[in-house]
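To keep things clear, I will list the structure first and then write my remarks on it.
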There are 2 protein chains.
Amino acid sequence: MARVLLVEDDPTVADVVGRYLSHAGFEVDRAGDGHAALALAAECSPDLVVLDLMLPGLDGRQVCRRLRERSAVPIVMLTALGEEADRVAGLETGADDYITKPFSPRELVLRVQSVLRRTLAPPPAGRGVLRAGSLVVDVAARVATRDGESLALTVREFDLLAFLMAHPGEAFSRVTLLERVWGWTYGDASTVTVHIRRLREKVEADPTTPVLLLTVWGIGYRFEAGVSASGVTASGVSASGERS
Amino acid sequence: MARVLLVEDDPTVADVVGRYLSHAGFEVDRAGDGHAALALAAECSPDLVVLDLMLPGLDGRQVCRRLRERSAVPIVMLTALGEEADRVAGLETGADDYITKPFSPRELVLRVQSVLRRTLAPPPAGRGVLRAGSLVVDVAARVATRDGESLALTVREFDLLAFLMAHPGEAFSRVTLLERVWGWTYGDASTVTVHIRRLREKVEADPTTPVLLLTVWGIGYRFEAGVSASGVTASGVSASGERS
DNA sequence: GGTGTCCGTTCGTGCTTCGTAAGAAGCAGG
DNA sequence: CCTGCTTCTTACGAAGCACGAACGGACACC
């Protein structure tokens with residue numbers, strides 16, 4: 001599983017936290033001061049760093065900055081006080097989250113997992129808002145609306161739609177979709193066909209003559225890139241402003 | 001690099017975020033309220049706007065709408081709470097992404113970069129698009145158009161055309177085409193002949209006197225690399241040898 | 001335990017596409 | 001002009017493909 005570098009000078013705290021993290025399934029490396037932390041980070045390239053702000057020698061903030069100079073590894077900072085000033089300072093130097101002492105080890109583990117989920121999971125694809133005409137898909141919130149009304153899409157339907165909209169105009173074979181949306185490398189491709197059908201039923205104005213989810217004969221499916229992909233094209237907006 | 005307009009009334013937040021964005025290589029303009037934002041946007045035409053939803057004077061939502069009326073500039077919205085109402089409102093007014101407070105500045109930078117990547121480099125860019133005169137073939141989308149109108153090509157026809165257009169001017173024997181397009185090492189070469197004919201029917205202006213898919217006698221076929229960019233019509237084509 | 005939703009599969013239907021065959025037309029050389 | 005070869009054209013049967021409808025299992029919620 002993931003590898004965590006724990007930077008903490010107090011042996012007692014380090015011990016407790018280290019045990020908790022190990023128990024949660026992380027591989028834990030430990031460093032007692034800033035220099036050791038930088039050296040270890042360079043050596044084992046951890047997936048996340050838990051960093052005490054108060055350190056002997058190199059200050060935690062400096063360590064944070066130095067780490068940032070050469071990698072984007074997520075950092076969770078341990079601060080002594082819960083003051084806004086400290087928090088801003090911590091975030092400014094590049095921390096992804098912080099937790100104030102005294103803290104429960106359990107909470108720290110939760111934060112670590114949360115940060116990892118945030119930084120590891122999202123990158124591949126899908127964040128932000130996808131649009132096509134009056135169809136709006138919020139990938140993060142998992143909400144799809146058309147003309148302001150929310151659509152009741154199931155999990156698979158949503159993923160399929162989001163994926164296709166994230167690659168507008170590109171044609172994908174059923175097998176490819178099965179692989180990229182379902183995460184399968186085997187399985188029956190007709191599954192995709194059926195889901196496309198169900199999706200059209202909900203998304204298309206006239207499901208029998210689709211204009212968004214198009215069939216590419218002999219290949220698979222493609223999301224309409226055509227008009228008004230991103231941004232608002234002339235036709236729809238006007239209304240309110242109307243000064244002429 | 002890209003120019004970002006940051007609209008935020010809280011000076012502390014604006015300061016931190018602004019510094020992060022600068023550090024990430026963006027040129028940052030700042031506005032403290034809605035009116036200033038609109039004025040600045042008109043003046044420096046930013047590549048992206050980071051917009052706080054909660055603003056003194058002109059509300060962020062109104063700013064968003066006003067921006068949208070005159071440009072398609074990407075907008076990342078900062079919302080106070082993860083409230084459903086706020087989100088939906090933001091989405092409906094045309095934001096491209098949103099992020100809820102409290103947020104880590106790093107995450108904001110990532111979002112900004114992600115949105116820019118999405119909106120600045122839209123699909124038909126680096127993707128394989130083949131052109132010859134008014135004939136455009138988008139390999140990824142598997143769409144072929146002539147004079148803007150899409151051509152209904154079948155799988156084989158498309159593959160054949162794409163292959164020939166990818167090697168303009170080069171002549172291929174039927175057997176070679178059978179091998180490279182069909183993936184066959186055996187089989188009847190007349191298959192190719194028929195498909196060329198069908199393709200001409202759809203692609204050539206006058207199928208009886210082809211100008212794109214040319215026959216090379218005794219060899220096979222070749223795609224015309226030639227000129228004829230704009231309206232250079234046939235009239236005098238007369239090929240090379242004008243000897244009677 | 002019952003109910004409803006979601007999901008993956010299967011089957012039948014109608015249409016599209018493909019490859020081949022066979023005759024007509026075109027080109028080159030003697 | 002004739003001959004042999006190549007290319008064009010047309011037509012047709014078979015296979016492939018997309019679609020729609022319906023079924024049974026899995027799961028979560030009540």
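Chain letters run A, B, ... following the sequence lines, proteins first, then strands; residues in each count from 1.
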Whole angstrom value for the distance that separates C1' of C/dC6 from CZ of A/R142: 14 Å

Whole-Å gap separating C1' (C/dC7) and CG (A/L160): 13 Å

Mutual orientation of the aromatic rings belonging to B/W184 and B/Y186 [parallel < 30°, tilted 30-60°, perpendicular > 60°]: parallel

B/R222: partners by salt bridge (charged side-chain N to carboxylate O under 4.0 Å, His left out), with sequence neighbours left out: B/E224

side-chain N/O B/Y186 vs C/dG19 OP1/OP2, d < 4.0 Å: no

Exercise: identify the closest heavy-atom pair between B/I219 and B/A171: CG2-CB, 4.2 Å

side-chain hydrogen bond (donor to acceptor under 3.5 Å, both in side chains) partners for B/R198, two or more places apart: none

Partner set under salt bridge (charged side-chain N to carboxylate O under 4.0 Å, His left out) for B/D47, not counting sequence neighbours: none

With sequence neighbours excluded, residues passing side-chain contact (heavy atoms from CB on, under 4.5 Å) with B/E149: none

Euclidean distance, atom CD1 of residue B/I196 to atom P of D/dT9 [Å, nearest integer]: 12 Å

Below 4.0 Å: OP1/OP2 of C/dG19 and any side-chain N or O of B/W182: yes

For B/R142, side-chain hydrogen bond (donor to acceptor under 3.5 Å, both in side chains) partners two or more places apart: B/D159

Short side-chain N/O contact from B/R200 to OP1 or OP2 of D/dT9, under 4.0 Å: no

Nearest-Å distance for atom pair CD/P, residues A/E157 and C/dC7: 6 Å

Interatomic distance where CG belongs to A/L214 and P belongs to D/dA18 [whole Å]: 14 Å

Under 4.0 Å protein heavy-atom contacts per nucleotide of nucleotides 21-30 of chain D, with B for base, S for backbone only and - for none: -B--------

side-chain contact (heavy atoms from CB on, under 4.5 Å) involving A/S45 - partner list, sequence neighbours excluded: none

Sugar-phosphate, base or nothing in reach of B/T154, heavy atoms under 4.0 Å: sugar-phosphate

Terminal helix-axis angle for the helix from C/dG1-D/dC30 to C/dG30-D/dC1, with five pairs defining each axis and rounding to 10 degrees: 30°

Nearest listed nucleotide, side chain of B/D188, among C/dC7, C/dC18, C/dA21: C/dA21

A/D159 CG - C/dG8 P separation (whole Å): 11 Å

For atom CZ of A/R174 and atom C1' of C/dG8, their distance in whole Å: 15 Å

Whole-Å gap separating P (C/dA21) and NE2 (B/H195): 14 Å

Sugar-phosphate only, base, or nothing, as touched by B/I219 at under 4.0 Å among non-hydrogen atoms: sugar-phosphate

Pairing residues for A/R180 by the side-chain hydrogen bond (donor to acceptor under 3.5 Å, both in side chains) criterion, not counting sequence neighbours: none

All salt bridge (charged side-chain N to carboxylate O under 4.0 Å, His left out) counterparts of A/D15, not counting sequence neighbours: A/R19, A/R30

Close side-chain approach of B/F172 and B/V216, heavy atoms under 4.5 Å: no

Counterpart residues, side-chain hydrogen bond (donor to acceptor under 3.5 Å, both in side chains), relative to B/S190 (two or more places apart): B/D188

Atom pairs, N/O to N/O, protein against nucleotides 24-26 of chain C, distance under 3.5 Å?
none

Out of C/dC7, D/dC8, C/dT9, whichever nucleotide has its closest atom nearest the side chain of A/T191: C/dT9

